Amino acid sequence: MREEMAFIAYYFHWSHKEIMELEHRERKKWCEEISKINRNVNGEKEKKNIFDVF
């Protein structure tokens, strides 16, 4: 859970409270979306981020 929280906080700058209020499934979805954004920005098609396994 800490990795998910750090990942979301780093990219979206959400507070600890905001992230903790999300259900686990919702946090995972946000991590997936952030990973998609990063892949698109970097021109990558393969899943390389640790959160892509979710």
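In this text the structure is predicted, and so the values were computed from the model without any measurement.
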Reported CD-to-CZ distance for the pair Glu32 and Phe7, which is rounded to 0.5 angstrom: 10.0 Å

May I ask whether Ile37 and Ile8 are part of the same hydrophobic cluster, defined by side-chain heavy atoms of I, L, V, M, F, W, Y residues being less than 4.5 angstrom apart, directly or through others? no

Does any donor atom in the side chain of Ser15 or Glu18 lie under 3.5 Å from an acceptor atom in the other side chain? yes

By salt bridge (Lys or Arg N to Asp or Glu O under 4.0 Å), Glu33 pairs with (sequence neighbours left out) Lys36

Can you measure from CE (Met5) to CE (Met1) and round to the nearest 0.5 angstrom? 6.5 Å

Between Arg27 and Glu4, is there a donor-acceptor pair closer than 3.5 Å when you use the side chain of the first and the backbone of the second? no

Under the rule for salt bridge (Lys or Arg N to Asp or Glu O under 4.0 Å), what residues qualify as partners of Glu26, not counting sequence neighbours? none

Any heavy-atom pair between the side chains of Tyr10 and Ile34 that's under 4.5 Å? no

So, taking the atom named CH2 in Trp30 and the one named OG in Ser35, what distance separates them when rounded to the nearest 0.5 Å? 13.0 Å

